[in-house]
Structure formats: C-alpha cells, structure tokens
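Note sheet for the following structure.
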Amino acid sequence: MLKMENVSKIFRTELIETHALRKVDLHIKAGEFVSVTGPSGSGKTTFLNIAGLLETFEEGDYYLDGQNVKGLNDNQLSDLRNQKIGFIFQSFNLLADLPLFQNVEVPLRYRGMSAKERKQRVEHALETVGLASRMQHLPTQLSGGQQQRVAIARAIAGEPKFLLADEPTGNLDSLMAQQVMDLLEKINEQGTTIVMVTHDDQLARRAHRNIQIFDGQVSDMEMNATAELVKSA
Amino acid sequence: MEIKPILLALKRSKFLAALLVIQIAFTMAVVSNSVFISVSTLKEWNLPSGIPHDDIIRVTPRFYDRSKSVTAAVNNDLKRLQEMPGVLSVTPTSGSPFASENVTEVYLTSEEEAQEYQTVIYDGTEHFLNTLQLELLEGRAFTAADMIYDSEEKNSEVMLSEDMAKKLFPDSTAIGKTVWLSKGSDPVQVVGVYGNFMTGETLNYYGKSYQSILRARSTWSHEQEPQYLIRMEPGIAESKLEDVASVFYQEQGRYLSQYERLKRVQKRMYDGRGSRALTFLVISAVLVFITAFGIAGLTSFQVNQRRKQIGTRRALGARKSDILKYFLTENSIISLVGLVLGLIVTLVMTFELSNIEQENLLDIGLFIGIALLFWAINIIATLVPAMRAANISPATVTRGA
C-alpha cells in the first residue's frame, strides 16, 4: 500500500541544513494498522506529511497504492490525497463555520461527486461514527470526542484505502480516546490501511506493528505481537 | 460551485460581510453620482466655437476719466485700429464670445404669460459679422445705414443666430417675424439670420450655447463700456497683441483691464468646469481605491485567520484553484449584494441630485459600466490575498499555522 525507498527530506535555511528524514526504507501492506512513535523532533511529522503527500521530498521514491508520487505536480498530488488518503488530525481541524454535514462533505465536493451521492455518503459516514442525528450542528456544539468522530467520518466518507492519523487521541481524555481507537480498529477491520502517529506507547501497542523514528531514521520495525492480545482481550 | 457552504460560512461572519456590503454600496452610489455629474458637466464640453478664435483679439478698456467722452474715444480707437497693418475687421461690442454671461429672456408675444426664451443680446457695428467671420444664412446683414449711435434711439430690427431662429420659429423662416426683447418693450423685427457662435458658460450649461441676438447699435458711455473684437490676418494675432494694446494707450483717461486672444477666453470658460469634473472624478477614484484596499485588507485578514482552515481544505484534496475560487466566489457574493444595495442608494441619490441640478442625471448605461468596473476592481482586490491563500501549504495542517 505504501512503499518508501531511500526517502530523504532536508530542510534548508541560509545557515543550516536539517535532515528531517534520512534514507527511509519502509513497506506497509494493505490492511495493516501501523503505529509510528518517536520523541519530539525525531521526524514523525515530516514522515506523516510525506506519507500524506502534504510535503514533497528530495531523494528516494515513494509508491502509494503502486503509484510513484515523485515528480507529480500540485494538482495531481491534491487529487491523490483526495482519492486515496483520509486524514485525522490531533486538533480535529473541522471547519468551524460549517455544520457537520458540510464538514464531512468537503472532500467529496473536491472529488466532484453529485449532490445525491454526497448526501448518501455523508449520512452513512456520520452513522458509522454515531452522529447521524447531529448533522446540522456546528462543531463547537460538540465535545472533543464527538468532534474527532466527525473528523473520522470526514476521513472515511470518501472510502479511502489509506487512513493517516496524527495523534488522533492527543486532545482527548482516556475514555474518549478509547472510543476513537475502537472506531479506528473497526475501520481497519473493514480493510482500510491505517498509519497512526502517536506519543502514547499504550495506544501504539494496539496497532499490528510499531515503527519508531529516531533522528530522521526508521530505526526499529517490529511486528507487535501484543496487538492481537489487546484486541482480543 | 461551492455556493451553499460559502453562504453558510458567511452567515457566521455576518458583521464583516455586512460592513463590506455597506462600503461597496456607499462607494458605488457616490462614485456613480460623481461620474453622472462629471459627465453632465462635460456634456457641452469644448463645442465648436463657430469663429476663428485664434485670430481674434479681445480688448477690454476701462474709462476712468469721466470728463472725457467715451463715444469719441471709441470712434478714435476704431479709426486707429482699422489703419493698423494686419487688422482685417474691428467692432466694438457689448459682449464677447465665450464670456457673455448677461443672459436675458426674449418673447414672441407681449402677453404677461408669454413663454421665455433665453439668449444673449449683442450690440455691435455693421462689422460685427465680418469681425467674427459669421456667415449670413438668411435675410440681410446690417449696414452702416442701420446703425444707431444715439442712446435715446431704439432699434427696431435685429438679427438672430441660426439656433435662436430655430428655437423661436421652428416651423418657418424667422425673417419678418416679431420678437419682444423684454417684457413691455417695443417689438423688433427679424431681418437676418447668421451662423452660430459660442456665447458663454451660462447658456452653454443649459445646452443653449449658440442662442444669440444682434443689434446694430454702438452707443457707449461710462455706464456701458464697450469691448473690442479685432480680427487679425491668420496666424499673427499672438505677435501683434502688444501693438494692438499700444493703440489704446494713445488716448488718455483709461487703462486696459484685459487684452488677449479669444482662444484664451475660450480656455478660461471651460477650465472651471473641467476642474469641477476633475474634482468629482478624483474623489471617485480615491473612494474606489479606498474600497479596493479595504477589500484587499479584509480578505488578507480573513486569509490569515483561516490559514489552518485553508491548509485543511488543501489536505482534503482542494487544488490551489479551488482555494482561489472559494475566495473569489465569496467576494463576488458580497459584492453582488453590495452592488444591488448600491443601485438602490444610487437611484435615491440621483433622484435628489437631479432635483437640485434640475437635470436628469441618471444614465443607465453608465451605471452598468460603473457596476462592471466595480466588479472587476473587487475581483482584482481579492485576487492578491486569494492567491496568497492558494499558496498556503497543505502541511500547515500538521505543523500549525
């Protein structure tokens, strides 16, 4: 699903060069649930941005769903993001001015779907996250956990193959975090590949596999044997 | 098009949107009316003068020595001027082209309720037409035999300009017809019609620039001082100006208040109105700039406020052009409401101004043109900050604004 070969990212200012990612080799298969951990400044966000096509990289190749994204122009990258990737952010990033329905609808509009299809998908996505009854509410009228569920609905409405979650429970209390994790696992079970960046080791252990990033390098890749245990418990 | 979500979002920032709408509407109304007034001011701008104004010199003497006869002085002047090389024709006159503001009313009957016709009445010698190089169109021109030099005597005949004749007698010839030059005066008869020439600013403002009447009369006194019109050979008027002036200093008891070519008088006549129109247009331009900067500033502010939101949209698949379109559509909705409101305010203002100016100022074509121009300016003002918005990186969404 996601394959990086020798991917490097360097931030340059006039004075210094910072190697945010160094020759990353990585392969994530379809249907996997992978957690990405690492200390602050290790390159987690850069990894997430490159994986999510939010940022470009200097060296190496990156194949998303079999397609090499290197050298694609801005419009092509936008279209790929829109069609293949669902995003879930730490601070939800809902559009505060719009009711839930229109929030979930945003990526579908950019895909050029008909109003009828958009309606069906938005309603289905909101049902999945249990918020179908609050479609006309504004984000500010919801709790943090509910807002994150709306963000998940927005991420899955377009049925992407790949879900990128950036600290999805970082702003939530443990009960709500639990609900969000349950929801992500449910989505994963239905076949969607999930990559989740997190600080929380406990959450990381719930993934099938944990990738650790230190100083821009993927230094540790391991199958997480406990994940299955946690899930079945 | 993303109109519904934009409307929903606008609902949440009603106050800002309303401010912008009011600004656009107000500017639209003021600019429209300023342009209407400018256009109406310049409507009769720089019309043909009908005379060779480059070659005619106007001299305005002032007779301060009351012991000396004005009539005698005028006769001497005429004699000296006619002898001057380069002078083709001379006449004393009660008024000068481009500067005749002594507008008066004439009538076609002696009744109390008779309709008024505005005009300027010129007194001059039989050389008046020749001096201004005016063509005789109908009837006869005045000759020396028609001249009246005694101030007690009254004229019984007049000549009309072409436009005056058409105005007074639209359906038939003016020759032989009777006109009353003032209420209760004796009637006079029309003997000839001459070509049009520009009278002055007052009649020009009313769109009656060429309505004039000529009397064969040369009766001057300290109370009614003459001006002189002197037509020179083509091209030499400018260089002969001082020579002409020196002729007048050969006589004691007076000074020259002005001597200049009619070309300068013509320029002066239009300058004032040019300034008025220019003032209004400058005010309009300044207002348009202020509004454009206001829109650009407000859009910029909104772009900064929504950086994260724009990054989110980009992450979710918006192309740069989608972001651009979003801001342009939002601005277009606001400016459309502003322009519609502006139309209403404009109509009210124009109605009131038309009453004050006693003239219908409204010009729908012009209004539509101004509205379109406004629309374009709005788009341009929005474009710069909108392009900045489109360039916000989608990575803003994970790295923070």
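No hydrogens, no waters, no symmetry mates; every other heavy atom, side chains included, goes into these values. Chain A is the first sequence line, chain B the second, and so forth, proteins listed ahead of strands; every chain is numbered from 1.
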Taking all atoms of both residues into account, what is the closest heavy-atom pair of B:S49 and B:Q266, and its distance? CB-NE2, 4.0 Å

Under 4.5 Å to a heavy atom of chain B? For A:N49 that would be side chain

Which residue out of A:I85, A:N75, A:N82, A:L80 racks up the most heavy-atom pairs below 4.5 Å with chain B? A:N75

With a 3.5 Å distance limit and no angle check, can you tell me whether A:K44 reaches the backbone of A:G38 through a side-chain donor-acceptor pair? yes

What's the separation between atom CZ in A:F33 and atom CE in A:M196, rounded to the nearest 0.5 Å? 4.5 Å

Heavy-atom contact with chain B under 4.5 Å, split by part of A:R111: neither

Would you mind telling me which of B:K11, B:R313, B:R306 has the largest number of heavy-atom pairs within less than 4.5 Å of chain A? B:R313

Are the side chain of A:T18 and the backbone of A:A20 linked by a donor-acceptor contact shorter than 3.5 Å? no

Please determine, among A:V197, A:L95, A:D166, the option with the most heavy-atom pairs under 4.5 Å with chain B. A:L95

Heavy-atom proximity to chain B below 4.5 Å, by part of A:L138: side chain

For a side chain to side chain contact (heavy atoms under 4.5 Å, CB included) with A:E167, tell me which candidate from A:T45, A:L203, A:L48, A:T198 qualifies. A:T198

Identify whether NZ of Lys or CZ of Arg in B:K267 sits under 6.0 Å from the centre of the six-membered ring of B:Y270 and within 45° of that ring's axis. no

Return the option, out of A:G52, A:A155, A:A96, A:P99, with the maximum number of heavy-atom pairs under 4.5 Å with chain B. A:A96

